Amino acid sequence: MSLENCESLFALIDCNNFYVSCERLYNPALLYKPVVVLSNNDGCIIARSNEAKKLGIKMGVSYFQIRDFLKKNKVAVISSNYEIYEDISKRFINIIKSKICFVEAYSIDEAFIELKGIFKKRSFEFCKGLKEDIYRLIGIPVSIGIGRTKTLAKVANKIAKKNKDLNGIFDITGREEEILKTFDVEDIWRIGKSKANCLKGMGITNALNLSKIDNSLAQKTLGINGLTTVFELRGIKCINLQEKKPIQKEIIVSRSFGHDIGNYKELKEGVSHFSAIAAKNMRNLNLYTKTLSVFITSNPFKDGFYTNQAEINFDFYTRDTFLILQAAEKCLNKIFKENIKYKKAGVILRNLTNCVCLGNLFTNLEIENKHNLMKAIDLLNKKIKKDAVFFAAEGVNKLWQAKKEYTSNYNASEIILI
DNA sequence: TCTGGGGTCCTAGGACCC
DNA sequence: TCTGGGGTCCTAGGACCC
């Protein structure tokens, strides 16, 4: 076998303007029109249709700054609806898994695959078929980049997206030098703004320059991950396909409030609500926690910024919302200060495990009963409606809730695509 | 008036110990 | 009078990703 045959081949499948594409499934009137999707709290732009990109709307811009511009240009504005996006994302991954074994669900709208054997021999045809299948089955357009390493597949994907003539698929293999020469160092996967600035200061402006950098210089300026990137650009595989998702290290639920909160009661209700969501998410992932922390912050854009956090360790691993609510309240009491307008709060669960770790002989029965209660609550909320059952500590009015003015009224169960 | 949320990893620096 | 140095652990904060 020649050395060439031993080389790996990866593809990155990336959904085009994913959130916008999802919204278009529910509302075809949005097709061919400029559309943007807003972050939680309608804070900033997190997805744009191609038409919106053409208008020069940038990613991450705060909504209030360009509201008038959007209106003038008749851009459709939509609040994000993550339930729907997650549902479509699962379908997207399932289609890929039905066609090939080696799949890594990398993010909500991206998957890496490793092409081996017959798939490698017919890589382009296979990817073309996959792209067509995804569109036929769930109506989401994707772009696919192919390369010898994940980093090169990422580069190829950007090229596929940018260049219309390629019809959404590009294989960089054999053309690395020519392409990397035109590829801005800032656009390389895992090279962020600050590293890019540092590199540009050294005269390294494109990906080809970076691939030729001295190893020890790369490590010194970019750290160990940067050196990995350099090798990957040279076509040397350092980052493997991660088919099995490792156990999550933390679960975070945090939100900015719709308005500043000055009183303890309202803040406590918010923190309790986030705790209940975090506990529910943890049970969904079949995990238990041993550490809970709460943080609160005032508005960082205003004077007298205050932020603080407190942490509590449980005596044993738990997934019991009652215990989590108690702990969250204790943490909040440690850090709450009067006369501050709070803008944001969050709850973090750490030290997660998937082992069933119960307490001692005397507490086991009680814990078992609580488990069953939690299961029942989760089931009711799933079957009847969200928040059909909730904890008194979360409050009834939820006055602090974030803004969401432009939500589409669809839910995931409404659409049947396959 | 309005400025996202969720996640991981690395590093620098302090505390502590021998 | 004189005040080392290396290891480990922890944490906060930065950088990066989507």
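Proteins come first, then strands; the chains are lettered A, B, ... in the order of their sequence lines, and each starts at number 1. None of these values were measured; they are calculated from a predicted model.
- Remark: K302(A) is in phosphate contact with dC2(B), judged by side-chain N or O atoms under 4.0 Å from OP1 or OP2.
- S254(A) has a side-chain polar atom (N or O) that falls below the 4.0 Å cut-off from OP1 or OP2 of dG6(B).
- At the phosphate of dG6(B), OP1 or OP2 sits under 4.0 Å from a side-chain N or O atom of R255(A).
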Could you go over nucleotides 11-13 of chain B and give all protein N or O partners under 3.5 Å, atom names and distances?
none

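- For dG14(C), the OP1/OP2 oxygens have no side-chain nitrogen or oxygen of K195(A) closer than 4.0 Å.
- Residue Q248(A) places at least one side-chain N or O closer than 4.0 Å to OP1 or OP2 of dG7(B).
- Contact check, S256(A) against dG5(B): a side-chain N or O comes under 4.0 Å of OP1 or OP2.
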Please lay out, stage by stage, how D260(A) and K302(A) fare under the test side-chain contact (heavy atoms from CB on, under 4.5 Å).
CA-CA 12 Å; D260(A) 291 353; K302(A) 287 184 184 163; 3.3 Å; yes
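- In this structure, E177(A) does not pair ionically with K181(A), as no charged nitrogen and carboxylate oxygen lie closer than 4.0 Å.
- Consecutive Watson-Crick or G-U pairs involving DNA chain C, each under 3.5 Å on both distances, make up stems of three or more pairs at B:5-18 with C:5-18.
- The side chain of K343(A) contributes no N or O atom lying less than 4.0 Å from OP1 or OP2 of dC2(B).
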Show the atom names and distances, to 0.1 Å, of all donor-acceptor pairs under 3.5 Å that link a side chain in residues 147-159 of chain A to residues at least two apart or in another chain.
from: R148(A); atom 1: NE; to: E176(A); atom 2: OE2; distance (Å): 3.1
from: R148(A); atom 1: NH1; to: E7(A); atom 2: OE2; distance (Å): 3.3
from: R148(A); atom 1: NH2; to: E176(A); atom 2: OE2; distance (Å): 3.2
from: T149(A); atom 1: OG1; to: L152(A); atom 2: N; distance (Å): 3.1
from: T149(A); atom 1: OG1; to: E232(A); atom 2: O; distance (Å): 3.0
from: K150(A); atom 1: NZ; to: E104(A); atom 2: OE1; distance (Å): 2.7
from: K150(A); atom 1: NZ; to: N240(A); atom 2: O; distance (Å): 2.9
from: T151(A); atom 1: OG1; to: E232(A); atom 2: OE1; distance (Å): 2.6
from: K154(A); atom 1: NZ; to: E110(A); atom 2: OE1; distance (Å): 2.6
from: N157(A); atom 1: ND2; to: L12(A); atom 2: O; distance (Å): 2.9
from: N157(A); atom 1: ND2; to: S143(A); atom 2: O; distance (Å): 3.0

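- By the 4.0 Å N-to-carboxylate-O rule, R136(A) lies close enough to D133(A) to be salt-bridged with it.
- Neither OP1 nor OP2 of dG4(B) sits under 4.0 Å from any side-chain N or O of S80(A).
- Distances shorter than 4.0 Å separate none of the side-chain N or O atoms of K249(A) from OP1 or OP2 on dG6(B).
- Listed pair K150(A) / dC17(C) fails the phosphate criterion, with no side-chain N or O lying under 4.0 Å from OP1 or OP2.
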